[in-house]
Each structure stands twice: as structure tokens, then as C-alpha cells.
Amino acid sequence: QDFWERILELYPSDKIILHKARMTDFYYDASGAIRKFDRSNVRNNAHINALLDYMYDYSEKALGNSITVSAQANCYASCNHKWGLAPMHYIDDYYHQVLQIINSKIHG
């Protein structure tokens, strides 16, 4: 049985939030300057983002009227992230933006 079919047996689609996060090629260093990840990371990010886009598109279609969240403005990683520097460990502003979008979609 398809993964989303199983999930939809448990939860109505309008109660599911799909967060369409992607890898970022840029990060803030310790001095606050924006830097680009090395060529290897950027190449890997492109591959992963293509796969994520495919999975997000499939998931959106399978879920029907789920709540979809995508916050790409100021989408930078941070060397100060509590789990370390990585292309999916964003600055705090990103998380605040995502929460704000979720709140606006839930509460109108």
C-alpha cells in the first residue's frame, strides 16, 4: 500500500502540513558574512533538491488539500545552528517565517 494512502487512513488531508524545505547553497559564517558552500556541497544540493522537488510534487498530489508551507526567502544556513553547519540547518529567521506561514494558514 502507498505511504500516503496509509497516512490518509489515519489523518484527514486538511490536517497534514507538508513543509517543502530544500537544501541551501549559502550560509552565514561566524562573522555574519554570507558564504557559499564548496562546489561539492552545491552539486550535492542540486541533486538532493531535484529529488525533494519530485517527492514534494508527488506528495502534494497524493495529499489533496493538505497545508503546504514553503519559505524560501532568507533561506540561509547558519554556522551557529545547534546541530552544526549543514545545507538544511537554517538561520532562526527561516524557522520563524515557517511558523508564521503555518499560523496564518491555520488561523486565517
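Quick caveat, the model's predicted, so the values are computed rather than measured. The basis for the numbers below is simple: all heavy atoms, side chains too, and nothing from hydrogens, waters or symmetry mates.
Here the CD1 atom belonging to Ile101 is positioned 12.0 Å from the CD1 atom belonging to Ile106, to the nearest 0.5 angstrom.
Of the possible donor and acceptor atoms, none in the side chain of Lys20 sits under 3.5 Å from a partner among the backbone N and O of Thr68. Formation of a donor-acceptor pair under 3.5 Å by the His89 side chain with backbone atoms of His81 is not found in this model. Checking side-chain atoms of Asn49 against main-chain N and O of Met23 turns up a donor-acceptor pair under 3.5 Å. Side chain of Ser13 to main chain of Gly64: no donor-acceptor pair is present (N/O by atom type, distance under 3.5 Å, no hydrogens or angles). Under the 3.5 Å distance criterion, the side-chain polar atoms of Ser66 are left unmatched by any main-chain donor or acceptor of Leu63.
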Practice problem: Would you check, one step at a time, whether the test side chain to side chain contact (heavy atoms under 4.5 Å, CB included) holds for Asn41 with Asp38? | Solution: CA-CA 5 Å; Asn41 272 321; Asp38 64 41; 3.6 Å; yes
Taking it one step at a time, do Val98 and Tyr90 satisfy side chain to side chain contact (heavy atoms under 4.5 Å, CB included)?
-> CA-CA 11 Å; Val98 168; Tyr90 309 114; over 6 Å; no
Run the numbers on Leu10 and Arg6 for side chain to side chain contact (heavy atoms under 4.5 Å, CB included), then give the verdict. CA-CA 7 Å; Leu10 301 171; Arg6 292 174 65 193; over 6 Å; no
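The side-chain heavy atoms of Asn80 and Ile91, taken from C-beta on, include no pair separated by under 4.5 Å. Here the side chains of His96 and Gln100 are not in contact, with every heavy-atom distance at 4.5 Å or above. In this structure, Ile102 and Ile67 have side chains that are not in contact, with every pair of non-hydrogen atoms separated by 4.5 Å or more. Under the 4.5 Å side-chain criterion, counting only non-hydrogen atoms from C-beta, Tyr27 is not in contact with Ser78.
Nearest heavy atoms, Thr24 versus Cys75: OG1-O, 2.7 Å.
Side-chain N/O atoms of Tyr58 and Asp53 include no donor and acceptor closer than 3.5 Å.
Under the side chain to side chain contact (heavy atoms under 4.5 Å, CB included) rule, Val69 has a single partner from Leu18, Ile17, Leu99, which is Ile17.
Using a 30° and 60° split on the angle between ring planes, Tyr28 and Tyr76 fall in the perpendicular class, above 60°.
A salt bridge does not link Lys36 with Asp25: none of the charged nitrogens is closer than 4.0 Å to a carboxylate oxygen.
Around the CD atom of Glu60, the shell of radius 6.0 Å holds more than 12 heavy atoms that belong to other residues, nucleotides or ligands.
Using a 4.5 Å cut-off between side-chain heavy atoms of Ile, Leu, Val, Met, Phe, Trp and Tyr, with links allowed through other members, Met55 and Ile48 fall into the same hydrophobic cluster. Tyr95 is not connected to Trp83 by any chain of hydrophobic side-chain contacts under 4.5 Å among Ile, Leu, Val, Met, Phe, Trp and Tyr, and they are in different clusters. Connection of Tyr11 to Leu8 is established within a shared hydrophobic cluster, with ILVMFWY side chains joined at heavy-atom distances below 4.5 Å, either directly or through further cluster members. Cluster membership for Met88 and Leu52, using ILVMFWY side-chain heavy atoms within less than 4.5 angstrom, is shared.
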